[in-house]
Amino acid sequence: MDYQIVVLSGDGIGPEIMAGGLVALQAIEEVFQHRFQTTDYPFGGAGIDAENDPLSSRTLAACQKADAILLGAIGGPKWSKAVKTPEMGLLQLRKALGLFANIRPIQVPDSIAHLSPLKAEIVSGSDFVVVRELTGGIYFGEPRHWNDKEALDSLVYTREEIRRICVQAFELANKRKKKITSIDKANVLSSSKLWRKVVEEVALDYPEVTLEHLYVDAAAMLLIQKPTSFDVMVTENLFGDILSDEASVITGSLGMLPSASHGVNGPSVYEPIHGSAPDIAGKNCANPMSMILSVAMMLRESFSLEQEAAAIEAASNRVMEAGILTTDLGGTATTTEFTEAVRQEIIKGGRG
Ligand code: NAD
Ligand code: IPM
Ligand code: MN
């Protein structure tokens with residue numbers, strides 16, 4: 001079968017880590033005899049430079065027709081004053097494709113627990129997923145405005161928006177350790193009061209899943225104190241953004257975390273949770289794991305290629321276990337050296 005993949009490398013380290021992800025994809029193609037057709041389109045700051053639009057109608061149309069979309073990262077100081085910024089292009093893409101469910105897995109195999117700035121005995125065995133609502137909340141609520149005297153953002157959630165993300169989270173928990181932590185600020189926010197009510201209603205359909213509620217401030221603390229206590233966390237857009245960057249520290253680096261964003265039907269987007277890292281861009285030192293693992297998520301979640309996804313994950317873990325690490329994890333490997341090591345391990349691992 002032929003798979004049509006749109007590639008949006010974006011800005012900063014985006015193209016560097018995307019190269020790593022595509023090398024892993026090509027190695028899978030070779031070992032498993034698939035055909036992945038990848039086509040590049042300008043997006044983000046690169047879209048502004050090429051087409052005067054971070055998300056041109058041509059790029060969006062290609063995304064809508066694709067089987068899946070790989071996205072590097074966007075943004076940077078060069079475009080921060082643009083009328084339509086790269087970040088606005090990213091939010092527009094998520095909205096246009098209806099990508100309401102952002103899945104951000106965090107895993108710390110024992111073999112890499114020593115890489116975390118937290119104590120190895122605290123992080124070892126952590127294995128949880130942040131399910132972040134991605135097309136609602138304060139990111140999209142109207143009205144919004146700001147001037148020198150006053151600024152306004154609106155945090156709006158409908159019952160249906162809350163229900164569908166909770167269903168995704170419960171379905172996921174059902175296939176895992178059967179525990180959901182819903183994170184809100186129901187002691188203060190109206191949107192969180194509705195959130196909590198709807199989560200409890202959805203929970204009635206999943207009697208085998210245990211539901212707990214945490215306020216977001218306490219959750220931020222517990223995440224670092226006892227990360228192994230979590231299975232599936234479900235939360236609104238902004239809380240999920242912040243908590244998942246925090247959670248990345250458990251693995252040792254923001255450069256480790258992949259994500260998948262799904263809609264109702266139509267193509268999903270696979271992207272690292274981090275940004276374009278302008279501070280290290282162009283130095284060939286970014287950790288490409290986030291992108292390589294995003295490719296693995298694409299194989300599993302869009303194409304049902306479980307064995308192929310597992311082959312990438314196992315190969316990457318073997319490379320890290322062998323002590324080949326990028327500088328964010330205290331190693332000396334460049335982005336391209338790390339990528340090459342993963343490629344060799346995928347080839348060596350064969351069809352498992
Ligand atoms: P960032 O995530 O780009 O970087 C934060 C820190 O993590 C930096 O020190 C960076 O060097 C480091 N880092 C990130 N990814 C890494 C990797 N793969 N390997 C090693 N180190 C890595 O966040 P920021 O600096 O606050 O934002 C930079 C730009 O990225 C902004 O324009 C922001 O809006 C944008 N952004 C885009 C996305 C996206 O494309 N999805 C996500 C977050 C931020
Ligand atoms: C992310 C990013 C984006 C977000 C920004 C760049 C709009 O931080 O993908 O996590 O806040 O969702
Ligand atoms: Mn973020």
Side-chain angles (χ1 to χ4, degrees), residues 7-21 43-48 54-55 69-82 84-95 99-104 115 117 130-140 153 235-249 251-261 269-295 316 320 325-339 342:
V7 173
L8 309 173
S9 296
D11 313 317
I13 62 168
E16 299 170 52
I17 58 169
M18 182 62 79
F43 179 60
I48 296 176
L55 177 62
I69 298 145
L70 290 173
L71 200 166
I74 52 86
K78 181 178 172 192
W79 308 281
S80 61
K81 300 244 156 57
K84 187 175 167 190
T85 60
E87 288 79 0
M88 288 160 81
L90 178 62
L91 297 184
Q92 187 195 347
L93 179 71
R94 290 172 179 169
K95 199 70 171 177
L99 304 174
F100 70 91
N102 183 216
I103 312 296
R104 297 185 159 187
L115 300 177
V130 177
V131 176
R132 171 189 177 195
E133 201 291 325
L134 202 62
T135 50
I138 204 160
Y139 276 66
F140 294 94
D153 288 295
T235 192
E236 61 97 68
N237 205 339
L238 182 61
F239 296 163
D241 179 45
I242 297 168
L243 290 177
S244 53
D245 267 35
E246 186 195 356
S248 75
V249 176
T251 69
S253 169
L254 185 54
M256 292 285 288
L257 292 206
S259 85
S261 302
V269 169
Y270 297 87
E271 58 167 325
I273 81 153
H274 61 72
S276 59
D279 53 334
I280 59 165
K283 296 185 178 154
N284 194 24
C285 71
N287 188 345
M289 272 296 278
S290 55
M291 195 70 234
I292 292 172
L293 294 176
S294 296
V295 168
S316 317
M320 292 199 301
L325 301 166
T326 43
T327 49
D328 53 326
L329 290 172
T332 56
T334 62
T335 309
T336 42
E337 285 165 356
F338 184 87
T339 298
V342 172

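Just so you know, ligand 1 is whichever comes first in the structure, and atom 1 is the first atom listed for that ligand. Predicted, not measured: the structure shown is a model, and the values here were computed from it.
- When hydrogens are left out, the protein atom nearest atom 44 (C) of ligand 1 is Gly275 CA, 3.3 Å; that is the closest non-hydrogen contact.
- Ligand 2 has no atom lying under 4.0 Å from any heavy atom of Met88.
- With no hydrogens or angles considered, no side-chain donor-acceptor pair links His274 and Ser248 at under 3.5 Å.
- Considering only non-hydrogen protein atoms, atom 5 (C) of ligand 2 sits nearest to Leu90 CD2, 4.3 Å.
- Ligand 1 places these atoms under 4.0 Å from at least one heavy atom of Ala73: 40 (O).
- Near Ala286, with a cut-off below 4.0 Å to any heavy atom, the atoms of ligand 1 are 19 (N).
- In this structure, Ser276 counts as a contact residue of ligand 1, since one of its heavy atoms falls inside 4.0 Å of the ligand.
- Among Leu71, Asn237, Asp241, the residue whose heavy atom sits closest to atom 2 (C) of ligand 2 is Asp241.
- For atom 42 (C) of ligand 1, the choice among Met291, Lys78, Glu271, His274 with the nearest heavy atom turns out to be His274.
- At the shortest separation from atom 9 (O) of ligand 2 among protein heavy atoms lies Arg94 NH2, 2.7 Å.
- Distance from atom 5 (C) of ligand 1 to its nearest protein heavy atom, with residue and atom name: Leu254 CD2, 3.8 Å.
- Which parts of ligand 1 touch Gly75 is read off a 4.0 Å heavy-atom cut-off, strictly below it: atoms 32 (O).
- Residue contacts with ligand 2: His274 is excluded, as none of its non-hydrogen atoms falls under 4.0 Å.
- Scanning the protein heavy atoms around atom 35 (C) of ligand 1, the nearest turns out to be Ile74 O, 3.1 Å.
- Protein heavy atom nearest atom 21 (N) of ligand 1, with residue, atom name and distance: Ile280 CD1, 3.6 Å.
- Here Asp241 reaches the Mn ion (ligand 3): one of its N/O/S atoms is less than 2.8 Å from the metal.
- Taking a distance limit of 4.0 Å, we find that atom 3 (O) of ligand 1 is approached by some protein heavy atom.
- The ligand atoms of ligand 2 that sit less than 4.0 angstrom from a heavy atom of Arg132 are 1 (C), 4 (C), 10 (O), 11 (O), 12 (O).
- Neither the backbone nor the side chain of Ser80 comes within 4.0 Å of ligand 1, counting heavy atoms alone.
- Protein heavy atom at the shortest distance from atom 31 (C) of ligand 1 is Glu87 OE2, 3.6 Å.
- What you find for Met256 and Leu293 is that their closest heavy atoms are O-CD1, 3.5 Å.
- Taking a distance limit of 4.0 Å, we find that atom 26 (O) of ligand 1 is approached by no protein heavy atom.
- Annotation for ligand 2: atoms under 4.0 Å from non-hydrogen atoms of Arg104 are 1 (C), 9 (O), 10 (O).
- Looking only at protein heavy atoms, the nearest one to atom 12 (C) of ligand 1 is Ala277 CB, 4.4 Å.
- Atom 11 (O) of ligand 1 has Asp279 OD1, 2.9 Å as its closest protein atom, hydrogens excluded (heavy atom only).
- Close contacts between ligand 2 and Glu87 involve ligand atoms 6 (C) [criterion: under 4.0 Å to a heavy atom].
- Scanning the protein for heavy atoms near atom 11 (O) of ligand 2, the closest one is Tyr139 OH, 2.6 Å.
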